[in-house]
Amino acid sequence: MIPVAAALDALFDLARPTETEDVPLRMAGGRILREDVVASRDQPPFAASAMDGYAIADGAAGDRLRVIGESAAGHRFARGVGRGEAVRIFTGAPVPEGTTRIAIQEDVTAEGDSIVLDSDDAATHIRPSGGDFRAGFRVPAPRRIGPQDLALLAAMNAGTVRVARRPRVAIIATGDELVMPGDAPGPDQIVASNTFGLHALLQDLGADPRLLPIARDTTAALDTVLGLVDDADLVLTVGGASVGDHDLVAQAAAARGLDRAFYKVAMRPGKPLMAGRLGEAAMIGLPGNPVSAMVCGHVFVAPVVRAMLGLGAAPAPRQAAPLAHDLSENGPREHYMRARLEDGVLHVFDRQDSALLSVLQAADALVVRPPRDDARRAGERVAYLPLGGHA
Ligand SMILES: Nc1nc2c(c(=O)[nH]1)N[C@H]1C(S)=C(S)[C@@H](COP(=O)(O)OP(=O)(O)OC[C@H]3O[C@@H](n4cnc5c(N)ncnc54)[C@H](O)[C@@H]3O)O[C@H]1N2
Ligand code: MOO
């Protein structure tokens, strides 16, 4: 058994960054920016009105000004404006030459082709040219492109952006007992679940996951499904990783030339984890117990996918919070305990069996106990991995 950190390092050695590709901006949400985007012009490109009203050169409450034209968004007033004059102006329109402030229309009385200023206003209501960003302003890569990024990149006039190709991930469930959700299971069968959780996790990460057919517990069936892996960057198998007579994944992968990096990690759940290089792909053999597979998804698969996307080789980010209650000392394996954060305090579930998906679903954190961690008291701060995803 190797420590979690050593397993993660070995996995980072297997993870190759994907190539880059150009995508139209509207397709770029959730993708990883691989090349800086640089603004080619100032925004706004001209001094712009922030309000509907009248652009004026000067004037105080009581002054009467002659309205000599109009500046609307997209249509500037092309002449200059002098003392005693005003230009009708709308939000977003270019501020005419010679004006210094906008008198908002609520503060003005319009009378024919002139206006009277009803009050003084210290604010100019003018957005200066380049007030948002200047030409040369940069959004640096790498970065996951969120909705706010998209809005900014569009304002910077980026029609396409250079992003990381999504890592293709083949997911293979193994086991004679498994049927697909919605099928009719026999009396000794259960429904494949882990692969669906992993598929969703991978989609959230920005990967391109593909569910392959369930492989039966024979080396021939496993070989057939491994043969469908095609151009995957990462192959995930689920189950068949332990020491039982029907745990044949290692054998089938070896026959296909797996160059094994490690087998068994000092963690709980997730001990029978296996990894290596399988042709062009990295392969991770996940344990079959549903919670073990999902915990390994968060602890190993997610950082590997992030590394492939070019976001760097770093463990899943941890946070810390106080415990709601005492915890007994930990054994020799790093323990990832399902817990629920309530008002910033961690409640660790009593039942931690790695078959209990209902407990995992109710959890929003995995408390991380180092190997041989001492007993912990209520109120002590401990590390946890946020799981997210709760309404
Ligand atoms: N003698 C020992 N037995 C076991 C050990 C051990 O060290 N010595 N380790 C245990 C631990 S820990 C784990 S974890 C499991 C891992 O076993 P496998 O990876 O071989 O997984 P399976 O035996 O195929 O399945 C375990 C369990 O999970 C269910 N399963 C499998 N795939 C799925 C799926 N896609 N969706 C839902 N459920 C799935 C399967 O039906 C089993 O119930 O080994 C322990 N045994
Ligand atoms: O290591 Mo297993 O994954 O505890 O159930």
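We count ligands from 1, going down the list as the structure has it; atoms in each ligand are counted the same way.
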Please determine whether a side-chain nitrogen of the Lys or Arg among [X] and [Y] lies less than 4.0 Å from a carboxylate oxygen of the Asp or Glu.
X      : Y      : value
Glu21  : Arg165 : no
Arg369 : Glu329 : no
Asp233 : Arg16  : no
Arg64  : Glu111 : yes
Asp113 : Arg66  : no
Arg162 : Glu35  : yes
Arg83  : Asp58  : yes
Arg256 : Asp223 : yes

Number the atoms of ligand 1 from 1 as they appear, then name those within less than 4.0 Å of a heavy atom of [X], with their elements.
X      : answer
Asp247 : 20 (O), 23 (O)
Ile190 : 38 (N), 41 (O)
Gly240 : 18 (P), 19 (O), 20 (O), 21 (O), 22 (P), 24 (O)
Ser292 : 14 (S)
Ala241 : 18 (P), 19 (O), 20 (O)

Quiz item: How many angstroms lie between atom OG1 of Thr20 and atom CZ of Arg34, to the nearest 0.5 angstrom?
Solution: 6.5 Å

Quiz item: To the nearest 0.5 Å, how far apart are CZ in Arg210 and CG in Leu228?
Solution: 12.0 Å

Quiz item: Does any N or O atom in Asn289 lie less than 3.5 angstrom from one in ligand 2, N or O only?
Solution: yes

Exercise. Look only at interatomic distance and state if Met267 has a nitrogen or oxygen under 3.5 Å from any nitrogen or oxygen of ligand 2.
Key: no

Element-labelled atoms of ligand 2 that are located less than 4.0 Å from some non-hydrogen atom of [X]:
X      : result
Lys271 : 1 (O), 3 (O)
Ser292 : 2 (Mo), 3 (O), 5 (O)
Arg333 : 1 (O)
Pro272 : 1 (O)

Protein heavy-atom partner closest to [atom] - residue, atom, separation in Å:
atom                    : answer
atom 34 (C) of ligand 1 : Asn194 ND2, 3.3 Å
atom 31 (C) of ligand 1 : Gly288 O, 3.4 Å
atom 5 (O) of ligand 2  : Ser354 OG, 2.4 Å
atom 42 (C) of ligand 1 : Glu177 OE2, 4.2 Å
atom 45 (C) of ligand 1 : Ser242 OG, 4.1 Å
atom 14 (S) of ligand 1 : Asn289 ND2, 3.4 Å

Practice problem: Could you tell me if any non-hydrogen atom of Gly175 lies under 4.0 Å from any atom of ligand 1? | Solution: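 No, Gly175 has no heavy atom closer than 4.0 Å to ligand 1.
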
Exercise. Report yes or no: does Val191 have a heavy atom closer than 4.0 Å to ligand 1?
Key: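 Within the 4.0 Å threshold, so yes.
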
Quiz item: Which one of Pro269, Pro272, Ala192, Pro290 has a non-hydrogen atom at the shortest distance from atom 12 (S) of ligand 1?
Solution: Pro272

Quiz item: Does NZ or CZ of Arg340 come closer than 6.0 Å to the centre of the six-membered ring of Phe349, within 45° of the ring's axis?
Solution: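 No; the conditions do not both hold, so Arg340 does not lie above the ring face of Phe349.
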
Exercise. State whether the number of non-hydrogen atoms from other residues, nucleotides or ligands found under 6.0 Å of Arg127 atom CZ is greater than 12.
Key: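 Open.
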
Quiz item: What do we get for Ser193 next to ligand 1 when only non-hydrogen atoms under 4.0 Å count, side chain, backbone, both or neither?
Solution: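 For Ser193, backbone and side-chain atoms both sit under 4.0 Å from ligand 1.
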
Exercise. Quick one: look at Val243 and ligand 1, take heavy-atom pairs under 4.0 Å, and tell me if it's side chain, backbone, both or neither.
Key: side chain

Self-check item: N or O pair under 3.5 Å between Lys271 and ligand 1
Solution: yes

Practice problem: Assess whether salt bridge (Lys or Arg N to Asp or Glu O under 4.0 Å) is satisfied between Arg277 and Asp259, documenting all intermediate values. | Solution: CA-CA 5 Å; Arg277 177 150 290 283; Asp259 182 10; over 6 Å; no

Quiz item: So, does Arg168 use its side chain to make a donor-acceptor pair with the main chain of Ala232 at under 3.5 Å?
Solution: no

